[in-house]
Peer 1: 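Below you will find the structure I want to go over with you.
Residue numbers count from 1 along this sequence.
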Amino acid sequence: MFLSLNRKIVYSILGLFLISSLVFTFTFYIAYSSKIEKDQLASIQRNQQYSDLLYRTANFIRELKQLLNQHPEFQLNPEEYKNLTMLAYDTEQSNFIINEQTAIAERSKNFDEQYQTISAGITIIAVGAILLSLFIIFIGYLISRWILIPINKMSQISEEVGKGNLDLRVPINPHTKYPDELDNLATTLNLMLDNLQSTLSEIRSRELFLQAIIDSIPDGIRVIDEDYRIVIANKNYYKQVGRKYPNGHTCYTAAFKSKYPCDPQHSRCPLYEILHLGKKNVNIIQQFSHNPNRHLSVSAAPLFYDDQHKYIIESIRDLSDDIDFSHQQKLSSLGFLSSSIAHEIKNQLGALRMILEHLIDKYYADRPDSSEDKKMINLLHSELINAIEVPERLLKLTRGGESSDKTINCTAGINDVLGILDFEAKSKGIDIIFHPDEHDYYLSGNAADFKIAVINIILNAIKAIPEKGSIKITISPTADGFQISFADTGIGIAAEDIPYIFNPFFSDGSQKKNGRGSGLGLAITKSIVEKLGGTISVVSTPGKGSCFMLSFSGNKKLAKK
């Protein structure tokens, strides 16, 4: 129970005063009252004996006087019976007895007065106690005003400061003429609070500056201590985990919604590998539970600034940015390639077309169409026109300025891609068979993105077919949308690789066998398909082939036609 210093002092003084008063009163009573009582008792006994003797003497004198009055003839010789004569005839001696009795009564009265004096002394003690109590109250008031109240104010302010409120100050009278030690203490405390507030303000400013620096980094940044607690993180990290957590939350709670740390026996933990295995740098790919379809590249390194604490710092990059960058690079490369083809080949092909048409008009205009040589020259003219259309298709494919909400004709887009890849497929003995539906299907988005996704799937299929084979493309309706499937007769994909083929930088068996492939093709395709509102899946049998399926259903990306 809290007891103020003011009460402690007052209670201590009152207790000491009461104890002292009781001890003094008891001692006074024992030391004086007992002695007076014994003296009175002894005096009463002596007075009683003396009174008895006087009473007998008085009776003797009275009887002697009666006897002398009855026998006047009997006369005492004063010289012979001097004492008897004085008793019998001296009136003053006769009154002596009465005087002595009066004196005894007065001595008894004196003892009563002494008892009254004791009572008066006790009364004086009581009055003195009251005066002393008033004096103590006055002293307590001065102590409270000069000492306890200032100390209490400083205590309350210290308590508030301990809670984080640094705006309070100890009130000081600026007009005081005689400052004391407590005034100096209050001034010093206020100065200390001013310095503390200024220092904390500077620290907060530096913290905000540091937070602003790491918030400006496009990657997610977090610092983790050896107990898996995140001590600092930037806003991009909180976007990656879905929401902002308070300081001190654990990395496994934010990233994986788990109650326990990751088991290093079953998954890679950068904290465990750096702090326990002594690695300097760790790079892994993870998927956070907030968005399991996005792959994040985590780069971790140790962070030591003293001998007592150990930390790691992680940079978390969303690989979709790299995918988009790779996509842009491909578009840029294709744009450069198509521009080169358009400028370097199209003019020559146009010139050949003009020459060929001039020859047809001059030498074959009058010949019948059924003649063998005219059929050959017309076939040559037709193939030349088709060759001129190739750079035009490449230009359409690489137009990056198309609006993302334009309508995409999926059938026409696939045909454009097949016109580009048909030569490469046939050069390897691969037939591409396209079975479009009787109806056209449309999406809302960027046509170039859709064509890039189709190119990636067909190129992967071509790489997966070691010798002659086929790629079958079909578009078919579903319950609430449509599906595009790409079935090849390649080497297939191992069952253990299927969960990872859409991860960035992962290369399946076909790419390893061919010794090429960046591992970004299918990751780019998956990103594009999801951006268009669809999903991608695969069914594969090793040694027989694979079938990739793009499904678009029940989403806003389906265009109305």
Side-chain angles (χ1 to χ4, degrees), residues 285 287 292-293 295 323 326 330 410-411 413-438 441 443 449-479 481-530 532 534-553:
I285 303 295
Q287 294 88 33
N293 295 322
H295 298 82
I323 292 173
S326 177
K330 284 193 173 184
C410 296
T411 303
I414 294 174
N415 282 324
D416 289 341
V417 172
L418 294 181
I420 297 172
L421 300 179
D422 184 67
F423 175 77
E424 182 174 358
K426 288 183 178 179
S427 65
K428 295 183 178 181
I430 299 172
D431 295 328
I432 301 180
I433 305 169
F434 180 34
H435 294 292
D437 192 69
E438 59 182 1
Y441 295 95
L443 292 173
D449 287 345
F450 175 76
K451 293 175 184 179
I452 285 294
V454 174
I455 286 177
N456 286 336
I457 294 176
I458 295 177
L459 285 178
N460 279 351
I462 292 174
K463 295 174 184 177
I465 300 174
E467 296 178 356
K468 293 183 179 181
S470 63
I471 302 172
K472 183 178 180 180
I473 305 173
T474 59
I475 301 181
S476 58
T478 59
F482 64 94
Q483 184 181 81
I484 307 173
S485 62
F486 302 83
D488 63 65
T489 57
I491 62 175
I493 304 172
E496 61 271 17
D497 290 339
I498 289 180
Y500 307 103
I501 61 173
F502 297 107
N503 291 356
F505 310 113
F506 179 82
S507 298
D508 61 11
S510 64
Q511 293 174 335
K512 291 177 181 178
K513 182 177 179 180
N514 295 326
R516 57 184 177 179
S518 64
L520 284 174
L522 289 178
I524 293 173
T525 302
K526 183 174 184 293
S527 175
I528 293 173
V529 171
E530 290 176 350
L532 293 174
T535 59
I536 183 171
S537 58
V538 61
V539 176
S540 182
T541 302
K544 294 185 177 181
S546 304
C547 180
F548 285 83
M549 293 161 286
L550 311 183
S551 300
F552 301 93
S553 60

Peer 1: Name all residues meeting the ring pair (Phe, Tyr, Trp, His ring centres under 6.0 Å) criterion together with Y441; count only those two or more places apart in sequence or in a different chain, and write none if there are none.
Peer 2: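 Partners of Y441 under the ring pair (Phe, Tyr, Trp, His ring centres under 6.0 Å) test: F482.
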Peer 1: When rounded to the nearest 0.5 angstrom, what is the spacing between CZ in F548 and CD1 in I501?
Peer 2: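 Between F548 CZ and I501 CD1, I get 4.5 Å after rounding to 0.5 Å.
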Peer 1: How long is the straight-line distance from CG of N456 back to OG1 of T525, given to the nearest 0.5 Å?
Peer 2: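 Spacing of OG1 (T525) from CG (N456) equals 3.5 Å.
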Peer 1: Under the criterion side chain to side chain contact (heavy atoms under 4.5 Å, CB included), I'd like the reasoning laid out for I484 against F450: C-alpha separation, chi angles, the key distance, then a yes or no.
Peer 2: CA-CA 12 Å; I484 307 173; F450 175 76; 3.9 Å; yes
Peer 1: Just checking, is any N or O donor in the side chain of Q483 or S551 under 3.5 Å from an acceptor N or O on the other one?
Peer 2: yes
Peer 1: I need the F434 CZ to L418 CG distance, nearest 0.5 Å.
Peer 2: 7.0 Å
Peer 1: Apply the side-chain contact (heavy atoms from CB on, under 4.5 Å) test between I473 and each candidate in I457, I432, V417; give the one that qualifies.
Peer 2: I432
Peer 1: Taking it one step at a time, do N460 and D488 satisfy side chain to side chain contact (heavy atoms under 4.5 Å, CB included)?
Peer 2: CA-CA 10 Å; N460 279 351; D488 63 65; over 6 Å; no
Peer 1: Applying salt bridge (Lys or Arg N to Asp or Glu O under 4.0 Å), can you list everything that pairs with K426, at least two apart in sequence or on another chain?
Peer 2: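 Once residues adjacent in sequence are excluded, the partners of K426 under the salt bridge (Lys or Arg N to Asp or Glu O under 4.0 Å) criterion are D422.
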Peer 1: Compare all side-chain heavy atoms of I462 with those of K428 and state whether any distance is below 4.5 angstrom.
Peer 2: yes
Peer 1: At what distance, to the nearest 0.5 angstrom, does SG of C410 lie from CG of N415?
Peer 2: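 Between C410 SG and N415 CG, I get 11.5 Å after rounding to 0.5 Å.
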Peer 1: Checking side-chain contact (heavy atoms from CB on, under 4.5 Å) between L421 and each of V454, L459, I430, which is the one that passes?
Peer 2: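 Answer after filtering V454, L459, I430: L459.
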Peer 1: Measuring from atom OG1 of T489 to atom CD1 of I471, what distance do you get when rounded to the nearest 0.5 angstrom?
Peer 2: 7.5 Å
